[in-house]
Amino acid sequence: MLHGPTPGPVDDDDLADAYPWPDTTERPYVRAMMVSTLDGAAAGDDGLSGSVSGGADRAVLRAVRRFADVVLVGGGTMKAEGYGPLRARDEDAARREQQGQAKAPVLAVVSGSLALPLGEGSFADSDVTPIVFTTEKADPTKVDDARKRVQVVQLPGERVDAATVIDQLHRKGLGRIVCEGGPGLLNQVTDAGLLDEADITVSPMLVGTEKTPDTPMLKDPTKFELQHVLTAEEFLMLRYTKADPSKQQGDDQ
Ligand SMILES: NC(=O)c1ccc[n+]([C@@H]2O[C@H](COP(=O)([O-])OP(=O)(O)OC[C@H]3O[C@@H](n4cnc5c(N)ncnc54)[C@H](OP(=O)(O)O)[C@@H]3O)[C@@H](O)[C@H]2O)c1
């Protein structure tokens, strides 16, 4: 750790402690987990984040998931990345149960089309049945098919409302939410004012941004405060938390 509460070495076992979860009884806590190249790309020439990621980045991703309630992703990411099953290590499952959590984090996917790899990996073999949020307009045949494998939540409107997704997860007792993207879904969560923390890995590469989806401008710029900087393998793992708005107002005056 270069900057943060305890500068010095952080081993894999201590990594989860560097990403603490607050009490989420009253409100959910949403952290973004993303990797970006030096030129702001979220994906390499294969259109995947793995080609711009590395071992250190993946270690942080695993550490953050260990005591999360939910891994939230958009349908685009689910299709592109081919997520593996979400499972807990035995020692983590025991600690999670003591803390009143499910055995492992649940995968939650936001998708209008329901064109998802429902028979594979994370959908088929996770410890906890995944949840798919879609709309009432979704193709009924696809909804029926999806219900055979996952829990389907249909919400009103043309698109799934990100704020409703976060609220419904919290009501299910799933308040520790790690949003792993993609940029599209993360943009919606941030625009709804619901992003509490941005855990961004800076990858030591320049690749161009052609394979990185554009996102709309946010209604309000969201400011963050730096909590720590970890470094390994030329990567920087940054932990930012949302700046206190009252402090921001003071800064702006
Ligand atoms: N660098 C990183 O850390 C990182 C992380 C994740 C992803 N990525 C990369 O980013 C790219 C994908 O980005 P993206 O922004 O397109 O991904 P995304 O947000 O995961 O997916 C967008 C798609 O998800 C569904 N979706 C999202 N929000 C929705 C809503 N409110 N209502 C209904 N459906 C909704 C829609 O597809 P359907 O309706 O067809 O499901 C939409 O086209 C991939 O190249 C991936 O590899 C990078």
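The chain is numbered in sequence order, starting from 1. Atoms within a ligand are numbered from 1 in the order they appear, just like the ligands themselves. The basis for the numbers below is simple: all heavy atoms, side chains too, and nothing from hydrogens, waters or symmetry mates. Worth saying up front: this structure is predicted, and the values here are computed from it rather than measured.
- Checked by distance only, ligand 1 and Gly75 come closer than 3.5 Å through their nitrogen or oxygen atoms.
- Within ligand 1, counting atoms from 1 as listed, the ones closer than 4.0 Å to a heavy atom of Leu48 are 47 (O).
- Atoms of ligand 1 found under 4.0 Å from any heavy atom of Gly112, numbered from 1 in the order shown, are 33 (C), 34 (N), 38 (P), 39 (O), 41 (O).
- Within the 4.0 Å heavy-atom cutoff, Met78 does not count among the residues contacting ligand 1.
- With ligand atoms numbered from 1 in the order given, ligand 1 contributes 5 (C), 6 (C) to contacts under 4.0 Å with heavy atoms of Glu180.
- In this structure, the protein non-hydrogen atom closest to atom 15 (O) of ligand 1 is Gly184 N, 2.7 Å.
- In terms of protein heavy-atom proximity, atom 46 (C) of ligand 1 is nearest to Glu81 OE2, 3.4 Å.
- Given atom 48 (C) of ligand 1, the protein heavy atom at minimum distance is Ala42 O, 3.2 Å.
- Counted by atom type alone, His228 and Tyr19 present one or more donor-acceptor pairs between their side chains at under 3.5 Å.
- Applying the 4.0 Å criterion to heavy atoms of Val35 picks out, from ligand 1, the atoms 1 (N), 2 (C), 3 (O).
- Checked by atom type, the side-chain pair Thr241/Glu197 shows no donor-acceptor distance below 3.5 Å.
- Within the 4.0 Å cut-off (strictly below), a protein heavy atom is located near atom 5 (C) of ligand 1.
- Side-chain atoms of Arg96 come within 3.5 Å of backbone atoms of Arg66 as a donor-acceptor pair (strictly under, hydrogens ignored).
- For atom 22 (C) of ligand 1, the closest non-hydrogen atom on the protein side is Gly76 N, 3.7 Å.
- Checked by atom type and distance alone, the side chain of Asp69 pairs as donor or acceptor with a backbone atom of Arg176 at under 3.5 Å.
- Those atoms of ligand 1 with a heavy atom of Ser49 less than 4.0 angstrom away are 1 (N), 2 (C), 4 (C), 47 (O), 48 (C).
- In terms of polar-atom proximity, Leu116 is not counted as a contact of ligand 1, lacking any N or O under 3.5 Å from an N or O of the ligand.
- Heavy atoms only, all atoms of each residue included: Val160 and Gln188 are closest at O-OE1, 4.1 Å.
- Using a non-hydrogen distance threshold of 4.0 Å, Gly47 registers as a contact of ligand 1.
- Between Arg171 and Asp167 there is a salt bridge, with a side-chain nitrogen of the basic residue lying less than 4.0 Å from a carboxylate oxygen of the acidic one.
- The hydrophobic clustering, which links ILVMFWY residues whose side-chain heavy atoms are closer than 4.5 Å, places Val64 and Leu15 together.
- The backbone N or O of Lys137 lies less than 3.5 Å from a partner atom in the side chain of Thr135, making a donor-acceptor pair.
- Figure legend: cation-pi geometry between Arg95 and Phe67, with NZ or CZ positioned under 6.0 Å from the six-membered ring centre and within 45° of its axis.
- The N/O atoms of Pro213, backbone and side chain alike, include none that comes under 3.5 Å of an N/O atom in ligand 1.
- Side-chain contact check for Tyr83 and Glu120: no donor-acceptor pair (N or O, by modelled atom type) lies under 3.5 Å.
- Checked by distance only, ligand 1 and Met34 stay at 3.5 Å or farther apart across all their nitrogen or oxygen atoms.
- Remark: ligand 1 and Gln188 share an N or O pair separated by less than 3.5 Å (distance only, no angle test).
- Using modelled atom types, one side-chain atom of Thr231 and one backbone atom of Phe235 make a donor-acceptor pair closer than 3.5 Å.
- Protein heavy atoms all stay at least 4.0 Å away from atom 42 (C) of ligand 1.
- Atom 20 (O) of ligand 1 lies below 4.0 Å from at least one non-hydrogen atom of the protein.
- Atoms of ligand 1 found under 4.0 Å from any heavy atom of Leu185, numbered from 1 in the order shown, are 19 (O).
- Scanning all protein heavy atoms for the shortest distance to atom 25 (C) of ligand 1 gives Val110 O, 3.5 Å.
- The residues Arg27 and Asp196 are annotated as salt-bridged, a charged nitrogen and a carboxylate oxygen being separated by less than 4.0 angstrom.
- Residue, atom and distance of the protein heavy atom nearest to atom 38 (P) of ligand 1 are Ser113 OG, 3.3 Å.
- Salt-bridge formation is detected for the pair Glu180/Arg65: a Lys NZ or Arg NE/NH1/NH2 atom is positioned less than 4.0 Å from an Asp or Glu carboxylate oxygen.
- Using modelled atom types, one finds a donor on one side chain and an acceptor on the other under 3.5 Å when comparing Ser49 with Glu81.
- When hydrogens are left out, the protein atom nearest atom 32 (N) of ligand 1 is Val160 N, 3.0 Å; that is the closest non-hydrogen contact.
- Here Pro183 has heavy atoms under 4.0 Å from ligand 1 in both its backbone and its side chain.
- Judged by the shortest distance from any of its heavy atoms, Val73 lies outside the 4.0 Å radius around the atoms of ligand 1.
- Between the Ser122 side chain and the Leu86 main chain, no donor and acceptor come within less than 3.5 Å of each other.
- Taking atom 18 (P) of ligand 1 as the reference point, the nearest protein heavy-atom neighbour is Gly182 N, 3.6 Å.
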